4 protein chains.
Amino acid sequence: MARSRDETKRNQILLTSKSLFADKGFFNTSIADIVRETGFPVGTIYTYFQNKEDIIQKIVEEGWEEFYANLKSIRDSNIPPVEKLRTVIEEIIPELLQDVDLINILLTEAIQYTIIEDKIEKLTDTIDSILQAIPQSKSALTNIPRGFMKTSIVVFFLGILQTAKISKTKVMGITNQDIIDFTKSVISQSVGIKL
Amino acid sequence: MARSRDETKRNQILLTSKSLFADKGFFNTSIADIVRETGFPVGTIYTYFQNKEDIIQKIVEEGWEEFYANLKSIRDSNIPPVEKLRTVIEEIIPELLQDVDLINILLTEAIQYTIIEDKIEKLTDTIDSILQAIPQSKSALTNIPRGFMKTSIVVFFLGILQTAKISKTKVMGITNQDIIDFTKSVISQSVGIKL
Amino acid sequence: MARSRDETKRNQILLTSKSLFADKGFFNTSIADIVRETGFPVGTIYTYFQNKEDIIQKIVEEGWEEFYANLKSIRDSNIPPVEKLRTVIEEIIPELLQDVDLINILLTEAIQYTIIEDKIEKLTDTIDSILQAIPQSKSALTNIPRGFMKTSIVVFFLGILQTAKISKTKVMGITNQDIIDFTKSVISQSVGIKL
Amino acid sequence: MARSRDETKRNQILLTSKSLFADKGFFNTSIADIVRETGFPVGTIYTYFQNKEDIIQKIVEEGWEEFYANLKSIRDSNIPPVEKLRTVIEEIIPELLQDVDLINILLTEAIQYTIIEDKIEKLTDTIDSILQAIPQSKSALTNIPRGFMKTSIVVFFLGILQTAKISKTKVMGITNQDIIDFTKSVISQSVGIKL
DNA sequence: AATGAATGAGTCTTCATTCAT
DNA sequence: TATGAATGAAGACTCATTCAT
């Protein structure tokens with residue numbers, strides 16, 4: 001038998017490329033860069049990926065899948081609705097914000113290389129279903145009107161991603177923790193509960 | 001070297017490039033594309049701009065200047081604070097959202113080619129100073145804590161830009177009007193006043 | 001190294017390659033194409049053939065051998081000379097013309113990969129010996145002068161092959177039957193006999 | 001004003017490429033070969049031609065145009081029909097046979113890169129119209145039947161080209177002069193006149 | 001000043017062949 | 001023996017920028 005596909009190599013290529021794409025952008029990263037950084041011969045890159053675009057697509061798809069799988073597992077778990085929301089804000093989102101490279105790519109290149117609207121649809125639906133399961137506090141004066149739900153989730157989600165992205169490279173005086181705290185605060189008020 | 005004589009030509013190059021950069025991205029737009037689209041000879045492009053990067057920089061700087069000048073003129077005007085806020089939301093922001101090409105470039109390329117943190121600093125300061133001038137309604141339960149002010153402005157501003165950007169190309173079921181209405185609603189609640 | 005065990009596999013590779021080479025040309029056919037089309041693993045190709053060039057050489061040599069063996073068997077048979085000529089024109093040539101793929105390869109690639117002059121020498125000698133055995137009709141006014149014999153056979157043979165080749169792919173309004181009929185007519189007149 | 005298109009350069013590229021393509025074949029000739037042989041930088045090749053294929057197409061088209069223009073000028077001239085035929089055989093054809101490189105390319109690559117059927121159509125029509133203008137000698141026993149006219153012209157034309165092509169590289173004992181003489185002889189007999 | 005041909009480093013990608021398994 | 005991942009030289013082509021005219 002001949003050598004068989006080495007999943008480790010594939011991952012190394014993916015990780016190296018992700019870092020390069022995030023740092024320098026897709027177009028400023030050459031296959032030669034990936035070759036240099038991974039130490040693999042060019043041919044090997046093309047053994048595991050169809051072309052340069054395929055690499056970024058796989059980065060985005062697989063990165064997103066992981067995030068979305070986490071999100072869904074929370075939604076489908078048996079914990080109380082409010083706990084679900086808390087977990088999303090305290091665990092899922094921070095975890096995503098941690099992966100700056102992925103965010104960077106998601107916001108700058110993903111739109112060109114993947115079907116972003118599907119992802120946004122799934123995201124808003126999932127978040128929405130978690131929110132709807134929460135009994136509204138009587139005193140909540142600031143509930144988000146039903147019609148704004150999608151818009152608000154999208155604006156908010158994209159906003160925190162973009163903010164996290166910029167704050168990683170540029171000095172803006174905003175930390176990831178600020179973003180998380182702010183998120184918690186906004187959601188608390190909007191939903192009318194204490195998180 | 002970049003001597004601008006004919007302001008009309010310079011603007012044509014700028015407008016054409018802006019549209020091309022927004023549509024296809026900076027790297028997918030060649031100088032040859034700009035030449036084809038403007039009808040000018042290559043040499044002419046280099047008479048008005050130092051290089052390709054100079055073009056995108058000028059697009060961003062001048063686009064931003066215009067937006068920021070508008071914003072400042074509102075802040076410095078004599079109308080009551082709440083009216084300032086209303087004008088920002090009902091005029092300044094919608095005007096910016098209208099200029100999809102600029103937003104596109106701001107969000108995807110500007111970060112690489114301009115000093116984004118300065119712009120964000122100026123933006124948050126200006127918005128903040130407008131907000132601070134508004135006497136808080138007693139009943140406002142949802143005021144943004146002082147410490148979150150910057151974060152919230154940045155998240156919000158970047159969020160609406162990114163949302164507007166995506167919604168222009170991809171079918172997400174969110175219109176610019178949705179974004180404006182949502183903005184108005186959020187601000188009203190946060191500040192505790194009726195806009 | 002090129003150990004042929006399974007004659008069936010070897011033939012499949014040869015047939016598939018012949019068809020591919022004829023359709024797309026030697027250089028536009030990759031080993032990967034042959035792999036895909038035969039379903040064999042790459043290694044197997046190299047078990048039966050030394051390299052890509054070896055494949056085309058074998059196609060040409062073996063194809064030619066078959067044709068030439070047929071031709072010789074006619075020449076060496078006991079039938080009358082005129083019948084030999086008739087058989088060549090009515091059976092051997094049509095059979096060759098049928099094998100478009102071989103002709104294609106013979107005319108476009110063979111010259112580079114095999115010793116074509118040997119083949120032509122053998123061909124003209126064989127045809128010549130068949131013709132010489134035919135007693136010239138007294139009334140034949142159009143006999144080919146002895147010195148033109150070789151030239152005429154070569155020009156004619158190459159001409160019908162090339163014509164058949166082109167007419168297979170391009171609409172020229174010439175069929176294989178036209179070529180055969182024309183051949184018969186020319187030979188009849190040249191040799192001064194009725195075929 | 002900038003430098004203007006240099007027709008000399010274009011021709012040098014064309015001539016060099018023609019020689020290389022004829023010698024080594026289209027696929028065995030790299031752009032790097034053309035660069036080395038012409039001494040021009042790569043970019044210059046692409047200033048004058050769209051791509052590699054464009055080069056071979058131009059070689060074929062322009063070479064053919066020249067040949068065909070000559071042929072037509074004979075057909076349309078005022079000399080007697082038989083003289084036209086003689087000129088074709090003694091001048092036009094030999095001239096074409098001289099241009100081995102062109103023939104080589106015509107026969108091996110042209111079919112893939114140009115519309116060969118159009119050329120053949122035009123060729124047969126032109127030759128045919130010259131032949132038809134010649135009053136048939138009463139004693140001509142070997143006239144080509146009308147239906148075979150096209151086939152015979154095509155087979156003959158392609159045959160002499162292919163023969164000339166091979167005889168240039170391989171020792172077959174056939175010279176260009178043999179081909180011309182043979183042609184003259186065949187035509188004389190077929191048409192029933194003395195050339 | 002205006003022009004556009006000239007330039008060549010650098011891009012992505014291919015593919016015949018090998019050889020570890 | 002059978003396999004197919006590994007390899008890297010070589011391929012065609014691009015394009016921002018310059019500079020001769």
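All values reported here derive from a predicted model rather than from experimental measurement. Every heavy atom of this structure was used, including side-chain atoms; hydrogens, water molecules and symmetry mates were not. In the text below, chain A, chain B and the rest are named by the order of the sequence lines, each starting its count at 1.
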Roughly, in whole Å, what's the span from CZ in A:R36 to P in F:dG8?
16 Å

For E:dT14, the Watson-Crick or wobble partner whose two distances fall under 3.5 Å:
F:dA9

Rounded to the nearest angstrom, tell me the gap between atom CG in C:N28 and atom P in F:dG11.
16 Å

Answer yes if the ring centres of C:Y113 and C:F26 are under 6.0 angstrom apart, and no otherwise.
yes

Distance in angstrom units between B:L20 CG and F:dC15 P, rounded
13 Å

Hey, is the main chain of D:T29 close enough, under 3.5 Å, to the side chain of D:K52 for a donor-acceptor pair?
yes

Applying a 4.0 Å non-hydrogen cut-off, can you work out what D:F27 is touching in the nucleic acid: base, sugar-phosphate, or nothing?
nothing

Ring centroid separation B:Y48 to B:F40 under 6.0 Å
no

What does B:K9 touch in the nucleic acid at a heavy-atom separation under 4.0 angstrom: a base, only the sugar-phosphate, or nothing?
nothing

Touch class at under 4.0 angstrom, heavy-atom based, for D:T47 against every strand present
base

Across the strands shown, which category fits A:I31 at heavy-atom distances under 4.0 angstrom: base, sugar-phosphate, nothing?
base

Find which nucleotide of DNA chain F each of A:F40 and C:G43 is nearest to by heavy atoms, and output the residue with the more 5' nucleotide.
C:G43

Round to a whole Å and report the spacing from CG of B:D54 to P of F:dA16.
14 Å

Taking a pair as Watson-Crick or G-U wobble with both distances under 3.5 Å, which nucleotide is matched to E:dG4?
F:dC19

Side chain of C:V42 (C-beta onward), nearest among F:dA9, F:dC13, F:dG4:
F:dG4

For DNA chain E, whose closest nucleotide is more 5', that of A:K52 or that of C:E53?
A:K52

What I'd like to find out is whether the side chain of D:D33 reaches to under 4.5 Å of the side chain of D:E37, using heavy atoms alone.
no

Rounded distance (Å) that lies between atom P of F:dA5 and atom CD1 of A:I45:
16 Å

Nearest to the side chain of D:R3, which nucleotide is it out of F:dG11, E:dA6, F:dC13?
E:dA6

As a test of reading the structure: which of F:dA20, E:dG8, F:dA5 is closest to the side chain of D:P41, going by heavy atoms?
E:dG8

Could you state the CG-P distance from D:N51 to E:dT11, rounded to the nearest angstrom?
22 Å

Is any side-chain nitrogen or oxygen of A:T44 closer than 4.0 Å to OP1 or OP2 of F:dT7?
yes

To the nearest Å, give me how far apart OH (A:Y48) and C1' (F:dT7) are.
12 Å

Just N and O in the side chain of C:Y46: are any of them under 4.0 Å from OP1 or OP2 of F:dA2?
no

Do D:L107 and C:L107 have side-chain heavy atoms sitting under 4.5 Å apart?
no

Taking the inter-plane angle between the rings of D:W64 and D:Y68 on a 0 to 90° scale, is it parallel (under 30°), tilted (30 to 60°) or perpendicular (over 60°)?
parallel

Taking for each residue the nucleotide of DNA chain E bearing the nearest heavy atom, is the 5' side occupied by A:A32 or by C:A32?
A:A32

Once you round it to whole Å, what is the distance between P of E:dT14 and CZ of A:F49?
15 Å

Please determine, for the side chain of D:D6, which listed nucleotide (E:dA16, E:dA2, E:dA6) has the closest atom?
E:dA6

Nearest-nucleotide pick for A:A2, side chain only, options being F:dC13, E:dA20, E:dG4
E:dA20

